[in-house]
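Whatever order the structure lists them in is the order used to number ligands and atoms, beginning at 1. The shown structure was predicted, so the numbers you read here are calculated from the model rather than taken from an experiment.
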Amino acid sequence: MQFVLIEPNIAENYAILRLNRPRELNALNLQLMQELRAGLQLLDADDNIRCIIITGNERAFAAGADIKQMQERTAIDMLKIDQFSTWDAIRKTKKPIIAAVSGFALGGGCELAMLCDMVIASETAMFGQPEIKLGVMPGAGGTQRLTRAVGKALAMEMVLTGRFIDANKAYQFGLINKIVPVEYYLQEAITLAKEIAQLSPLAIRLAKESVNKAFDATLNEGLEFERKNFYMLFASQDQKEGMAAFVEKRTAHFEGK
Ligand code: HXC
């Protein structure tokens, strides 16, 4: 892999995927996105890994899709390349993904952060959907996920003007989970990943699916889905272990069985 580095921590059951095109502010070219998909698939299939962090560097999480790569494309090129099948595959990752964001998260970079399950941001993080300034519009979920996250007023303002918002505003509007000083944003994401990695991976997987269901189901369908997942977990050893540990006043050890 050239543009995505995999940094697994087997002992602590998490892994970091680091976007690695620093000179281009981690602009998301097709190769980078394919590597990201491959990395996520690898980690999703690895029982030693229970939580995944996607990060960039201090200056940029990702400044969007690679404009230079897209510049001369026709609509038919875009149709044939079908880059969003990569995004669809990423969306299907079963394990929880935390975005650790510092600096620019713009266009596809903001959309990638929103595709993650939680976002830890540094004080310098800037979020935006500036595609409108390029004569296009968001294409990887920006009009949908941003609107659901921050509401219509701010989403319209960001999408129609290309204005950025800083970490404080992103936090205020529920786009991100936490803001920390720049030297700690990755460490904070690791702390969160380690906490999740100690829980039952089966319960985590079904809980993630159930929360996501809230975005594309009616309340009734969502409640039915939640209930079936809840029942299903009673077939796991992790449920027996978790409840026994509570009763016996000890720490539970979940094996994902
Ligand atoms: C290609 C990019 C890039 C991008 C930055 N670079 N963003 N290259 N695609 N999205 C390159 C610059 O060309 C430059 O390389 C180098 O990274 C450093 O960037 P500078 O502009 O010199 O840095 P700075 O002045 O600090 O400005 C930072 C910035 C600006 C505000 C983030 O780079 C910027 O506006 N970038 C584009 C942001 C954007 O419009 N994103 C949306 C893309 S469309 P050189 O070699 O020239 O010095 C999109 C659609 C998503 O994301 C669809 C789904 C995938």
**Q** Do Ile98 and Leu175 share a hydrophobic cluster, counting only Ile, Leu, Val, Met, Phe, Trp and Tyr and linking them when any side-chain heavy atoms are less than 4.5 Å apart?
**A**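 In one cluster with Ile98: Leu175, no.
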
**Q** In the protein, which heavy atom is nearest to atom 3 (C) of ligand 1, and how far is it?
**A** Ala27 CB, 4.0 Å

**Q** Going through the checks in order, is the salt bridge (Lys or Arg N to Asp or Glu O under 4.0 Å) test met by Glu157 and Arg163?
**A** CA-CA 7 Å; Glu157 183 183 326; Arg163 286 182 190 167; 3.0 Å; yes

**Q** Give a yes/no on ligand 1: does Leu28 have at least one heavy atom closer than 4.0 angstrom to it?
**A**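 Flag not set, Leu28 not near ligand 1.
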
**Q** Just by distance, with hydrogens left out, do Asn168 and Asp166 show a side-chain donor and acceptor under 3.5 Å apart?
**A** no

**Q** Going by a strict under-4.0 Å cutoff (protein heavy atoms only), does atom 48 (O) of ligand 1 have a neighbour on the protein?
**A**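 Neighbour list for atom 48 (O) of ligand 1 is empty of protein heavy atoms (cut-off 4.0 Å).
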
**Q** As a test of the contact definition, would atom 22 (O) of ligand 1 count as having a protein heavy-atom neighbour under 4.0 Å?
**A**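 Under 4.0 Å from atom 22 (O) of ligand 1, zero protein heavy atoms found.
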
**Q** Any protein heavy atom at under 4.0 Å, with atom 10 (N) of ligand 1 as the reference point?
**A** yes

**Q** List the closest protein heavy-atom neighbour of atom 6 (N) of ligand 1: residue, atom name, distance to the nearest 0.1 Å.
**A**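 Ranking protein heavy atoms by distance from atom 6 (N) of ligand 1, first comes Glu24 O, 3.8 Å.
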
**Q** Just jot down the ligand 1 atoms closer than 4.0 angstrom to any heavy atom of Arg23, in number order.
**A**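 Near Arg23, the atoms of ligand 1 are 16 (C), 17 (O), 18 (C).
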
**Q** So for atom CG, which belongs to Asp47, do other residues, nucleotides or ligands contribute more than 12 heavy atoms lying within a distance under 6.0 Å?
**A** no

**Q** Ignoring hydrogens and angles, state whether a donor on the side chain of Gln237 or Glu255 is under 3.5 Å from an acceptor on the partner side chain.
**A**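 No donor-acceptor contact under 3.5 Å links the two side chains.
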
**Q** Would you say that Glu123 contacts Tyr185 through its side chain, given a criterion of any heavy-atom pair below 4.5 Å between the two side chains?
**A** no

**Q** Salt bridge check: are Arg250 and Glu241 linked by an N-O gap of less than 4.0 Å?
**A**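 Salt bridge between Arg250 and Glu241, a charged N being under 4.0 Å from a carboxylate O: yes.
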
**Q** Under the salt bridge (Lys or Arg N to Asp or Glu O under 4.0 Å) rule, what do Lys178 and Glu188 come out as? Steps first, then yes or no, please.
**A** CA-CA 9 Å; Lys178 191 165 183 177; Glu188 187 67 28; 3.0 Å; yes

**Q** Judging by distance only, is a nitrogen or oxygen of Ala63 under 3.5 angstrom from one on ligand 1?
**A**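 Between Ala63 and ligand 1 (N or O atoms, distance only) the closest approach is under 3.5 Å.
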
**Q** Considering only the protein, which heavy-atom contact is closest to atom 34 (C) of ligand 1, and what is its distance?
**A**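 Answer, as residue, atom name and distance: Leu106 CD1, 4.8 Å.
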
**Q** Does the residue Gln129 have a heavy-atom contact with ligand 1, meaning some pair of atoms that are separated by less than 4.0 Å?
**A** no

**Q** Side chains of Ser85 and Asp88: donor-acceptor distance under 3.5 Å anywhere?
**A** no

**Q** Examine ligand 1 and decide if any of its atoms is less than 4.0 Å from a heavy atom belonging to Glu111.
**A** yes

**Q** What residue and atom, counting heavy atoms only, is the protein's closest point to atom 30 (C) of ligand 1, and at what distance?
**A** Leu25 CD1, 4.7 Å

**Q** When you measure from atom 13 (O) of ligand 1 to every protein heavy atom, which one gives the shortest distance, and what is it?
**A**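 The answer is Lys68 NZ, 2.9 Å.
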
**Q** Any protein heavy-atom neighbour for atom 19 (O) of ligand 1 (distance below 4.0 angstrom)?
**A** yes

**Q** Below 3.5 Å, N or O to N or O, backbone or side chain included: is there any such pair between Ile67 and ligand 1?
**A**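 Ile67 vs ligand 1: N/O contact under 3.5 Å present.
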
**Q** Ala140 heavy atoms, cut-off 4.0 Å: which ligand 1 atoms fall inside?
**A** 54 (C)

**Q** Any nitrogen or oxygen of Gly108, main chain or side chain, under 3.5 Å from a nitrogen or oxygen of ligand 1?
**A**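 So ligand 1 has an N or O lying under 3.5 Å from an N or O of Gly108.
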
**Q** Would you tell me whether Asp44 and Thr93 have side-chain atoms, one donor and one acceptor, within less than 3.5 Å of each other?
**A** no

**Q** Output, in order, the C-alpha distance, side-chain angles, deciding distance and verdict of salt bridge (Lys or Arg N to Asp or Glu O under 4.0 Å) for Glu221 and Lys213.
**A** CA-CA 9 Å; Glu221 287 164 353; Lys213 194 76 177 173; over 6 Å; no

**Q** Working note: Glu209 + Arg205, criterion salt bridge (Lys or Arg N to Asp or Glu O under 4.0 Å); need CA distance, chi angles, decisive distance, verdict.
**A** CA-CA 6 Å; Glu209 272 179 32; Arg205 172 176 165 174; 3.7 Å; yes

**Q** State, yes or no, whether a side-chain contact exists between Ile52 and Tyr14 at a heavy-atom distance under 4.5 Å.
**A** no

**Q** Using heavy-atom distances, let me know which of Thr86, Leu112, Ile132, Leu134 sits nearest atom 44 (S) of ligand 1.
**A** Leu134

**Q** Quick one: does Arg59 get an N or O within less than 3.5 Å of an N or O on ligand 1?
**A**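 Yes.
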
**Q** Which atoms from ligand 1 have a heavy atom of Glu131 less than 4.0 Å away?
**A** 44 (S), 49 (C), 50 (C), 51 (C), 52 (O)

**Q** With respect to Ala65, determine whether any N or O atom, backbone or side chain, lies less than 3.5 Å from an N or O atom of ligand 1.
**A** yes

